[in-house]
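Presented below is the structure to which this report refers.
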Amino acid sequence: MKSLRSRLVFSHIIPVLMILPVIVAVLVYLVETQVLLSNIATELTRQAVLVANIAGDYTEIWVDASRAQAFVSRVSPGLTAQVQLLDTEGRILSSSDPTDADKIGQKVNSPGLGRLLAGDTRTQVNYSHTTVEDVVVPVITGSNQLGGFVRMNNPFAGISARSEQLRTLSLAVLGGGLLLGVVLGWLLASSVERPLRRTTEAVNRLANGGGGQSVPESGPEEVRMLARAFNTLQDKLHTLEENRSRLLANLVHELGRPLGAMQSAVTALRSGADEDVQLRRELLSGISDELSRLKLLLDDLARLHDQVVGTLELSYQSVDVSAWMHRTLATWEKAAQEKGVDWQVDIPADLPAVQMDPDRMAQALGNLVSNAVRYTPGGRVVRVGAGVEDGKSLALKVSDSGPGIESDEQGKVFKPFFRGKAAKRFSDGMGLGLTIAQELAQAHGGELTLESQPGQGSTFTLRIPISPSNALSIP
């Protein structure tokens, strides 16, 4: 009963379970009243008429009680019912039932006998509820006179009475079963309806902008799956809202700082600083640097947009990795030298040509190297290397000597806008670089992995397949 399917199946079985006993009870009643009752009445009548015909030839048994008893004793072994001989007044002359010994001479109280005594000459069958009580047949002697009556008592009348009690009890049990079925069906319906109603109300609240609360995961398995999906959706919407707020705050900061710097430079130039050639060059160089940073910011936002709407497209080319890496790393080598970072590069000259999008991979590698230079203090080392793993994958490794990443943060660094404890000490960056690098690696059919120890720096390894058949195409 843990799944909605089983409850629905059971709810369809309940009516059958309720109707089937009723049908059985009706059938039993019809068999008892229409078949068994008719057969019993026919058999008792046949035996009573047979005994009456025989008794009509023995006139002495109607005047001598001992002979009457002897007659009954001779014929009773061949009968299935109890036989009594009654005189013309309806008193018992003899009986095949030993318990009737003290009733000899007593008048029998039988509706059929009363009708015979009133002048009716037909065989009388007396019914009681759903059984035959007795059959009374008048006995006509050889002189065409009424000698008495033969009465056949149904030996199963008492059993029938007890059977009627059993039927009453069965009907009571049936009624209780029907009531239990109704209650059980109501409980099953409620167990499905309540969690569905809670989930529906939660969805309506969420759709109307109300604060969302987690829905209890109760009820059948399918309903629990629905509640679990809603809770997951609600958590993701909450995360998206947090990301939106963080994105807005980061955009204000990231756009405001370079725009403010450029505004100050422009103001200085307009105030006469352009007359000093050296100062003018420095101001224009600063403006150019800020514009470059804004370009990188816009590139990150564009990559994020591609990730969200699923429009990332790759332009595969056969790339000489060694030459491509030297070109890609040239600008970052200069940035490392300006910061006083020890720049170490290990790029084998015999690296194979790889099918990839050189611009997209340059973006991914640049993000990794940018982080490495940013988080490595002056005087320490940044290492960039490349190699082939298992003859199938190109591995690009970027290692820094920065503060490292805490173990509880390593699973989160690839999420958009996440900034760890170390990252918060730096004012620049929106927390998109690693997210974009990972997406680009996966788009090429590869992966981006992290190895880090707090205080010992971090190593990011970007792997992509060498064979173009392993590369993924993004529609």
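Predicted model only: the values in this text are computed from it and were never measured.
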Could you check whether any side-chain heavy atom of [X] comes within less than 4.5 Å of a side-chain heavy atom of [Y], counting everything from C-beta outward?
X: L233; Y: D235; result: no
X: V341; Y: V381; result: no
X: S399; Y: V382; result: no
X: R383; Y: W343; result: no
X: Q124; Y: D134; result: no
X: S407; Y: E409; result: no
X: M152; Y: L79; result: yes
X: W332; Y: L368; result: no

Tell me every residue that passes side-chain hydrogen bond (donor to acceptor under 3.5 Å, both in side chains) with [X], counting only those two or more places apart in sequence or in another chain.
X: E338; result: none
X: T449; result: R463
X: R380; result: none

Any sub-3.5 Å donor-acceptor pair from [X]'s side-chain atoms to [Y]'s backbone N or O?
X: K392; Y: I464; result: no
X: S393; Y: E389; result: no
X: D400; Y: T376; result: no
X: T267; Y: Q263; result: yes
X: S452; Y: G404; result: no
X: S322; Y: P348; result: yes
X: K339; Y: R374; result: yes
X: D357; Y: S315; result: yes

Could you check whether [Y] and [X], counting side-chain N and O atoms only, form a donor-acceptor pair closer than 3.5 Å?
X: S458; Y: E451; answer: no
X: S76; Y: S96; answer: no
X: Q344; Y: D342; answer: yes

*Verify side chain to side chain contact (heavy atoms under 4.5 Å, CB included) between V215 and N231, making sure each step is shown before the conclusion.*
CA-CA 7 Å; V215 177; N231 292 335; 3.8 Å; yes
*Under a 4.0 Å N-O cut-off, is there an ion pair linking E43 with R46?*
yes
_Charged N-O contact under 4.0 Å between E217 and R228_ = yes
_Using the side chain to side chain contact (heavy atoms under 4.5 Å, CB included) definition, which of the options V321, D320, V319 pairs with P358?_
V319
*asked:* M361 vs H444, test: side chain to side chain contact (heavy atoms under 4.5 Å, CB included). Steps then yes/no.
replied: CA-CA 9 Å; M361 287 306 300; H444 280 79; 3.6 Å; yes
Looking at every heavy atom in both [X] and [Y], which two are closest together, and how far apart are they?
X: G112; Y: N126; answer: N-OD1, 2.9 Å
X: P465; Y: V354; answer: O-CG1, 3.7 Å
X: I466; Y: G391; answer: CD1-O, 4.2 Å

*Step by step, work out the side chain to side chain contact (heavy atoms under 4.5 Å, CB included) result for L44 and N153.*
CA-CA 8 Å; L44 288 179; N153 294 319; over 6 Å; no
*So T459 and V398, side chain to side chain contact (heavy atoms under 4.5 Å, CB included) or not? Walk me through it.*
CA-CA 6 Å; T459 298; V398 179; over 6 Å; no
